[in-house]
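Taking it in order: structure first as C-alpha cells, then the write-up.
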Amino acid sequence: MLKWALIFALISLVAGLFGFTGIAAGAAGIAKILFFICVAVFLIFLVLGLLGIKALS
C-alpha cells in the first residue's frame, strides 16, 4: 500500500509541474490518506508485536 502512496505522490508532482492543479491536489490527497493508513497499520502491528500477539499467523 505504501507503493501506491508513493505512486500518487509522484503523480501529484508531475501534474503540478504541468499545471494540472486539480489533478495534483486530488493525487496528493489520496497519497496522504494512503500514507496515514500505512502508518496506522504499522503502529498496530508494532503494538501487537510488543505485546507478543501474533497477528497474521
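Quick caveat, the model's predicted, so the values are computed rather than measured.
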Do the side chains of F18 and L13 join up, straight or via other hydrophobic residues, at under 4.5 Å, putting them in one cluster?
-> no
Looking at residues at least two apart in the chain, or sitting in another chain, which of them share a side chain to side chain contact (heavy atoms under 4.5 Å, CB included) with I33?
-> I37
Interatomic spacing from CG in L17 to OG in S12 - rounded to 0.5 Å = 9.5 Å
Side chain to side chain contact (heavy atoms under 4.5 Å, CB included) partners for V47, two or more places apart = L51
I11 CD1 to I7 CD1 distance, which is reported to the nearest 0.5 Å | 7.0 Å
Results of side chain to side chain contact (heavy atoms under 4.5 Å, CB included) for L34 - residues two or more places apart only | M1, W4, A5, F8, I30
Counterpart residues, side chain to side chain contact (heavy atoms under 4.5 Å, CB included), relative to A9 (two or more places apart) = A31
